[in-house]
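By convention in this document, chain letters (A, B, ...) are assigned in the order of the sequence lines, proteins followed by strands, and residues within each chain are numbered from 1.
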Protein chains: 2
Amino acid sequence: MEATRILLDAADIPTHWYNVVADLPTPPAPPLGPDGKPATPEQMGAIFPGAILEQEMSAQRWIAIPEEVREIYRLWRPSPLVRAVRLEQALGTPAKIFFKYEGVSPAGSHKPNSAVPQAYYNRQAGIKRLTTETGAGQWGSSIAFAGQMFGLEVRVYMVKVSYGQKPYRRLMMQTWGAEVFASPSALTDTGRRLLAEDPDNPGSLGIAISEAVEEAASRADTNYTLGSVLNHVVLHQSIIGLEAKKQFDKVGLYPDIVIGPCGGGSSFAGIAFPFLADRAAGDRRAQDLRCIAVEPSSCPTLTKGQYAYDFGDASGFTPLMKMYTLGHDFMPPGIHAGGLRYHGDSPLVSQLFHEGLIEAAAVPQLATFEAGVQFARAEGIIPAPESCHAIRAAIDEALTCKARGESRTILFNLTGHGHFDMSSFERYFSGQLENYDYPADAVAASLAHLPRLG
Amino acid sequence: MEATRILLDAADIPTHWYNVVADLPTPPAPPLGPDGKPATPEQMGAIFPGAILEQEMSAQRWIAIPEEVREIYRLWRPSPLVRAVRLEQALGTPAKIFFKYEGVSPAGSHKPNSAVPQAYYNRQAGIKRLTTETGAGQWGSSIAFAGQMFGLEVRVYMVKVSYGQKPYRRLMMQTWGAEVFASPSALTDTGRRLLAEDPDNPGSLGIAISEAVEEAASRADTNYTLGSVLNHVVLHQSIIGLEAKKQFDKVGLYPDIVIGPCGGGSSFAGIAFPFLADRAAGDRRAQDLRCIAVEPSSCPTLTKGQYAYDFGDASGFTPLMKMYTLGHDFMPPGIHAGGLRYHGDSPLVSQLFHEGLIEAAAVPQLATFEAGVQFARAEGIIPAPESCHAIRAAIDEALTCKARGESRTILFNLTGHGHFDMSSFERYFSGQLENYDYPADAVAASLAHLPRLG
């Protein structure tokens, strides 16, 4: 009997995260402060603990995972690597399709991989309370879970329109003991100012970030957490690809193509970077490896953006980062893969793309849901809309293999289940979903506002 | 490092289901037809395939699981056995608490364990279409998934009030390709008659059963499926306990107490019966084994019901079964564990309880949610309201161990996750949930309507 689910024992959870910075051809461009000079750890120390800042700046290849973090990882990790045999059959492809299923975590996505160490390092630093922002709620629920595991208070600023529309994610956070506030809220100066201007302000991720950061910066016992983009988040997510490599070893295979959805970049980086390590180390199996970051065609940061210094948030609060960006004040269309609606991208993913070491693809919304439904009907699992982007690209690659009669091994990151996104499927089935055109004018306008340096 | 998740390989999925009938001290009382005489296979052949009927009547101890069924089981099975170390620590108990986590299935509960073989045997029999009823949607979504796996059309009659209130479960069924109708519907005589009387009829499980059975009985290519109560369903669910035994073997442990939530009985039977097999076989480890079926105190079938022949459905359509019952026209209070709102119980569970071989406990609603939240905060997983009943009893047993300074090994069936039940948690957190008094008068009235035999 051929195993379709390749499992590892708890003892096989990697002991170290992999840091791609050690294998970059050129050193990463530093984040810049408001004065245009490299941001100092001191500037960021108000909202992050020292251990996180060290990871953010580190060029060390392997960084040890604390045993306390591995203990929590063991609640759901190692996650399964699954061969999608029934999907292969449905497509009639000679390709082998594998997915790493991160939806088995308590929060239902890959996000706890970073939420858990972030909570741990903050508790080690004596922090009592974490703040964060959340849109659809995937990161908020992950940090709520992780905070509960380490006895930290968690306060989540949830974009007001999502607070009303996504009550179940909010309840998930509350079940894990977090306090959730509709943002803009009356708890911060930012929120009070905006509510005074417009009591019906629907909120935005940018506003929620500002509130969460403001609270963290103003209280010594409180820190801020971020769920993607930054180097330490990318580092923590490497657990995904590191496990996948062990699982492929178990069955004597190695992927030719590695695919991840790409918004802020951490889920793509998490599955792809550990394989890039092999290529950098001269591993023969990895010499022709292709890694594909898949983004929405309506928010095509890598494929249509500019590689430049820009703010990480809409309101220009964060340090400047060198990354692909559509402009920090670009407002992406309202696609249902909320986790991919980001104007920028991880600086590390951006640099690798800029240097030609990884690929990017942009896919339209309807085609992603079509792929997600085909996947659900073959493999059973109902995927999150973000994951549907990776599925779309994996199916497209498998169909290319079919057309060419080539047997390739394809791996994609199934970042989460869609149990809290069923209303998106309802809109898809009822024909209410649309493909947004690439908003070229809006991007041009927003790129014109890129900060000017020097 | 001590493993907290005990995993098995795909090859370890049991090859046979266990049939407790082979180990009963006395033969089961047969189901009776409308004439009071034992129901014949021919009477039931209009809605069930022969292989299912054989299993329903079988006294054979081990029944082979078809390879095609094991192939689908491998999409999520073997399910993990998890030691709830963090819950033990939170309780300060010397007891070891284990749970078998069935929420990893695509439909998120143990129900696919029976839906898959039911779909398989129907397809083998040349059936093209399955019907069923569903309330909260757990069984409906499981049969939608299973039907899709074997290329069968699935039509689900969903209680109208749930159809409106539980859109996400409905969408899950539609994602897997099933047709879902609000019941009463205009598709059956039963539905049309009721709608003519009252176009706003909110529906009930009894009505939905009648519609699904009517359609199945009236079409040669269509059969009916049921998600609990019957012997073949109990048989299929034995996969849960059989896997758990292998997992305990792996760590050299054996449970002293086995706990399952109990509505129709299949989830309790699924985890408990395979351990009863050991006791029947004289296994020394199982001689003091306690198996506890946990039911809602507002629908206390085993603890307050009568052991008698009664109809399985509200409208008296099914054969009569010898079981504990609160009377077939008893309408249980509207607790949120919809899967446990059943007037009767599996005849096999009933007989074992009647013969003193298993125990039963009844717990009030608020205490189950309290236990569920405590569990979620310790172990991460948010449990379904049905599962919260088992958690409540497991915590109570663990606290008894603490009071007595006894170290027992406790196993419970975590039958599913609560991702589609978050509105119940909302009502719990906001203080809107209540403990229903035991409806003694309603039960007495309904027991007065038990069918009279002979």
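Per-residue counts of heavy-atom pairs under 4.5 Å with chain B were compared for A:E426, A:M422, A:R377; the largest is that of A:R377. Of the listed residues (B:I382, B:I72, B:V85), the greatest number of heavy-atom pairs within a distance under 4.5 Å of chain A belongs to B:I382. Put simply, of B:P80, B:G177, B:G380, B:P106, the one with the most heavy-atom pairs under 4.5 Å next to chain A is B:G380.
Taking the charged nitrogens against the carboxylate oxygens, B:E71 and B:R74 have no contact shorter than 4.0 Å, which rules out a salt bridge. The pair A:K100-A:E243 meets the salt-bridge criterion, with a side-chain N (NZ, NE, NH1 or NH2) lying under 4.0 Å from an Asp/Glu carboxylate O. Between A:E370 and A:R392 a salt bridge is recorded (basic side-chain N to carboxylate O distance below 4.0 Å). A salt bridge does not link A:E379 with A:R86: every distance from a Lys NZ or Arg NE/NH1/NH2 to an Asp or Glu carboxylate oxygen is 4.0 Å or more. Between B:R77 and B:E102 a salt bridge is recorded (basic side-chain N to carboxylate O distance below 4.0 Å). Using a cut-off of 4.0 Å between Lys/Arg side-chain N and Asp/Glu carboxylate O, B:K96 and B:E88 are scored as not salt-bridged.
Contacts of A:A144 with chain B are absent, with no heavy-atom separation under 4.5 Å from either backbone or side chain. Neither the backbone nor the side chain of B:S105 comes within contact range of chain A, judged by heavy atoms closer than 4.5 Å. At a 4.5 Å heavy-atom cutoff, the contact between A:L7 and chain B is made by side-chain atoms alone. With a 4.5 Å cut-off on non-hydrogen atoms, B:L75 touches chain A through its backbone and its side chain both. For a residue to count as touching a neighbouring chain, one of its non-hydrogen atoms must lie under 4.5 Å from one of that chain's; by this rule A:F420 touches chain B with the side chain only. At a 4.5 Å heavy-atom cutoff, the contact between B:A378 and chain A is made by backbone atoms alone. Looking at A:L8, the atoms closer than 4.5 Å to chain B (heavy atoms on both sides) all sit in the backbone: N, CA, C or O. For a residue to count as touching a neighbouring chain, one of its non-hydrogen atoms must lie under 4.5 Å from one of that chain's; by this rule B:F425 touches chain A with backbone and side chain alike.
Residues of residues 163-170 of chain B that come closer than 4.5 Å to chain A, counting heavy atoms only, are B:Y168, B:R170, ordered by residue number.
Side-chain contact annotation: B:W139 with B:T132, donor-acceptor N/O pair under 3.5 Å present.
Expressed to the nearest 0.5 Å, how far CD1 of B:I97 lies from CZ of B:R83 amounts to 9.0 Å. The CZ atom of A:R5 sits 11.0 Å away from the CG atom of A:L81 when rounded to the nearest 0.5 Å.
Closest heavy-atom contact between A:S162 and A:M158: O-CE, 3.8 Å.
Remark: aromatic rings of A:F248 and A:F98 are close, center separation under 6.0 Å.
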